Protein chains: 2
Amino acid sequence: MNLREFSELLGLSPTTVSRALGGYPEVKEETRRKVTEAARQHGYKPNRRAASLATGRAMAIGHVIPTSLNHEMVNPVFADFLAGAGEVYSKANYDIILSVVSDGDEVRAYRQMASTGSVDGIIVHGPRTNDARIALIQDTGLPFVVHGRAPVEAAPYSFVDVDNLRAFRRATDLLLDLGHQRIGLLNGHLIMDFARRRRDGYCAALEARGTTVRSEFQFAGEMSERNGYAAARQMLRLPSPPTAFLVSSLIMAIGARRAIHEADLTLGRDVSVVTHDDMLGYLSNGDDVPIFTATRSSVRAAGRRCAEILLEQVADRTLPPVQEIWESELIMGASTGPALS
Amino acid sequence: MNLREFSELLGLSPTTVSRALGGYPEVKEETRRKVTEAARQHGYKPNRRAASLATGRAMAIGHVIPTSLNHEMVNPVFADFLAGAGEVYSKANYDIILSVVSDGDEVRAYRQMASTGSVDGIIVHGPRTNDARIALIQDTGLPFVVHGRAPVEAAPYSFVDVDNLRAFRRATDLLLDLGHQRIGLLNGHLIMDFARRRRDGYCAALEARGTTVRSEFQFAGEMSERNGYAAARQMLRLPSPPTAFLVSSLIMAIGARRAIHEADLTLGRDVSVVTHDDMLGYLSNGDDVPIFTATRSSVRAAGRRCAEILLEQVADRTLPPVQEIWESELIMGASTGPALS
DNA sequence: CTGTCTACTCAAAGCGGTTTGGCAAGATCG
DNA sequence: CGATCTTGCCAAACCGCTTTGAGTAGACAG
């Protein structure tokens with residue numbers, strides 16, 4: 001059923017029907033009522049592609065999700081981020097266009113989205129330390145919002161980020177205050193901006209206290225359960241092992257916990273753990289008492305906020321960039337305790 | 001840059017340029033070379049919406065992901081499923097149109113996708129026992145593939161599913177063979193088709209051996225870490241607690257493991273666990289030796305296969321439905337052992 | 001040298017909407 | 001009561017592409 005057929009059915013012109021459904025004031029209220037009612041009954045909905053073409057607005061936002069670096073892992077925070085963003089989009093009647101690409105093709109995917117005009121705006125996920133994508137998208141003139149940020153701020157752009165440096169600096173301070181001198185860092189890949197900031201926070205705290213920063217206490221790689229386990233295990237086998245771990249994701253922390261148990265140590269007594277918690281829906285960090293002491297920030301809320309900002313920028317292209325840096329909560333759980341002397 | 005401008009630039013007609021880029025045989029090879037080269041250089045790409053409108057093909061597949069039942073959880077398998085499907089789509093130059101909706105609006109989302117013609121086909125996720133969506137989509141005439149299946153088979157449709165009943169029957173048999181008499185089931189919501197089939201497999205195995213099926217040994221709900229923990233804890237506190245658990249997802253099993261540790265019991269000795277493992281990228285079930293004994297089937301592979309089938313059906317609407325039921329592997333890990341008498 | 005074929009290329013008609021610029025009919029005003 | 005506004009509707013142009021059907025130039029044969 002297309003507009004012409006539908007309008008003939010009603011004995012009206014396509015123009016009037018389109019206006020009636022579009023909420024324009026030029027049609028009589030009664031006519032509008034008749035039209036909307038008939039549309040509901042016959043299931044008429046304007047063809048989205050045609051409407052897009054005519055208005056120039058795609059009514060869609062592009063997300064590119066890369067399947068990670070070398071492995072085939074897809075970052076588990078995407079699901080929650082998309083859920084948050086999706087809430088906002090669906091209220092505004094926007095679609096998500098998702099492009100799942102292997103790491104190398106990412107830039108191509110962004111370029112394609114921009115040049116084929118299939119989206120009105122773009123969300124950039126997982127910014128790298130030197131991220132070619134940002135300059136690229138800036139060139140296209142398409143509105144975009146970055147979840148996280150990249151250090152190079154050639155021209156300012158919108159982003160929503162957690163204050164990762166501060167979060168990890170506070171977490172490290174906490175462990176130092178508890179008397180821990182040997183602290184392992186289980187981090188994400190260092191090409192990721194957030195991982196680098198977290199490491200900087202960790203190093204800054206250690207250096208401020210005159211504690212040596214040791215490379216054998218640092219792991220950087222994919223944040224999987226497996227890697228958390230393997231890295232923690234290896235560090236625990238060192239002649240003088242860490243008494244505490246600072247971990248970049250709850251999933252990795254669960255891996256670390258496995259290694260701790262396996263070494264017949266007790267979490268929160270023999271070994272302390274502080275982790276970052278993205279508050280993923282299916283992986284809550286305990287109910288009343290948190291399992292892990294954690295720096296906490298909802299990735300779902302970030303998704304919502306990024307979407308809001310982006311839709312505003314799409315609606316009004318002249319708006320200045322919005323930059324938000326969120327403070328993460330530091331919550332005390334059962335996984336930290338004083339260092340055993 | 002649009003086709004008209006671009007073709008004027010080249011001194012050719014829009015038709016010829018379109019044909020050259022489309023790979024039609026009516027243009028001279030040399031002309032085609034010139035055109036593609038210029039397109040690359042000037043960054044010309046046909047506008048997707050316009051092309052769609054002209055050809056009638058949307059070059060997009062719709063996925064609807066519901067944020068689960070009562071809670072705000074979004075199923076973590078989506079990310080991996082989408083990654084698998086995305087591999088196939090991007091090769092075929094198809095987009096994913098994602099609609100994230102809260103549970104109630106799901107049907108509306110499907111109807112909308114179908115009637116606005118923004119997609120060429122649909123993937124249905126997480127079929128329920130009585131699923132209205134399937135009949136609805138069948139009505140629209142749009143090709144679709146179900147990941148999983150629903151019991152009502154009014155008219156046959158395409159699906160890819162794991163043989164859940166058989167998998168859980170085998171797993172239960174394994175535990176029974178090890179001497180376990182009291183086996184807890186930590187399952188998903190029973191309105192989900194897969195959960196019901198798994199329960200049926202569990203019950204069938206118990207009944208075949210004359211073992212009583214007890215309701216206090218069955219939990220059905222959201223498959224989160226938290227629920228796995230809470231349900232296992234509660235069952236372990238029963239006067240005569242289970243000596244083994246059968247769990248529907250690795251995340252839930254990790255929750256159960258936490259409860260087991262907390263009760264000062266040892267996994268694989270005091271309490272056995274068999275779980276289903278979707279092989280999510282970030283949550284591997286151990287490396288060489290699996291942590292958990294598990295029924296295993298890759299959700300990513302399922303995503304790939306569903307996408308393949310769907311694209312075939314889109315290309316040729318007359319194709320008969322494809323129904324695949326995959327056998328899951330039963331792999332032996334360190335979480336199962338003989339029942340302590 | 002003319003007629004027929006082949007190989008390219010083009011103009012124009014959609015695809016299904018939105019939107020501009022009119023045009024009648026009825027309402028309002030002097 | 002005629003002139004001027006509103007109000008409510010419509011015809012037609014346009015968004016950017018694909019594709020049909022027609023046309024032109026050159027190759028080749030007679």
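Residue numbers begin at 1 in each chain, while the letters A, B, ... track the order of the sequences. Nothing here was measured: the structure is a model prediction, and the numbers come from that model.
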What's the separation between atom [atom1] in [X] and atom [atom2] in [Y], rounded to the nearest 0.5 Å?
X: Asn75(B); Y: Ile65(B); atom1: CG; atom2: CD1; result: 8.5 Å
X: Ser298(B); Y: Phe81(B); atom1: OG; atom2: CZ; result: 10.5 Å
X: Glu106(A); Y: Arg111(A); atom1: CD; atom2: CZ; result: 12.5 Å
X: Leu311(A); Y: Asp120(A); atom1: CG; atom2: CG; result: 9.0 Å

**Prompt:** Which residues in residues 6-22 of chain B have at least one heavy atom lying under 4.0 Å from any atom of DNA chain D?
**Reply:** Thr15(B), Ser18(B), Arg19(B)
I need the [atom1]-[atom2] distance between [X] and [N], as an integer number of Å.
X: Lys45(B); N: dG16(D); atom1: NZ; atom2: C1'; value: 16 Å
X: Tyr24(B); N: dC17(D); atom1: OH; atom2: P; value: 15 Å
X: Leu3(A); N: dA12(D); atom1: CG; atom2: P; value: 16 Å
X: Glu29(A); N: dC9(D); atom1: CD; atom2: C1'; value: 15 Å
X: Glu26(B); N: dT19(D); atom1: CD; atom2: C1'; value: 10 Å
X: Met1(B); N: dC17(D); atom1: CE; atom2: P; value: 10 Å

**Prompt:** Hey, is Glu37(A) close enough to Lys34(A) for a salt bridge, meaning N to O under 4.0 Å?
**Reply:** no
**Request:** Look at Arg304(A) together with Glu308(A) and state whether they make a salt bridge at an N to O cut-off of under 4.0 Å.
**Result:** no
**Item:** Sidechain-backbone polar pair: Thr31(A) side chain, Val27(A) backbone, donor-acceptor under 3.5 Å
**Value:** no
**Message:** When you measure from the side chain of Asn47(A) to the backbone of Gly117(B), do you find a donor-acceptor pair of N or O atoms at a distance under 3.5 Å?
**Reply:** no
**Item:** Verdict with supporting geometry, Ser158(B) and Gln323(B), side chain to side chain donor-acceptor pair (under 3.5 Å)
**Value:** CA-CA 5 Å; Ser158(B) 296; Gln323(B) 309 193 324; over 6 Å; no
**Request:** Answer with base, sugar-phosphate or nothing: what part of the nucleic acid does Thr31(A) contact at a heavy-atom distance below 4.0 Å?
**Result:** sugar-phosphate
**Request:** Consider only side-chain N and O atoms of Thr16(A) and Ser13(A), and report whether a donor and an acceptor are under 3.5 Å apart.
**Result:** yes
**Centroid-centroid under 6.0 Å between Phe159(A) and His147(A) rings** = no
**Message:** Can you give me the first and the last nucleotide of DNA chain C (5' to 3') that has an atom within less than 4.0 angstrom of a non-hydrogen atom in chain B?
**Reply:** dC8(C) to dG16(C)
**Message:** Using five base pairs at each end to define the local axes, how bent is the helix from dC1(C)-dG30(D) to dG30(C)-dC1(D), to the nearest 10°?
**Reply:** 50°
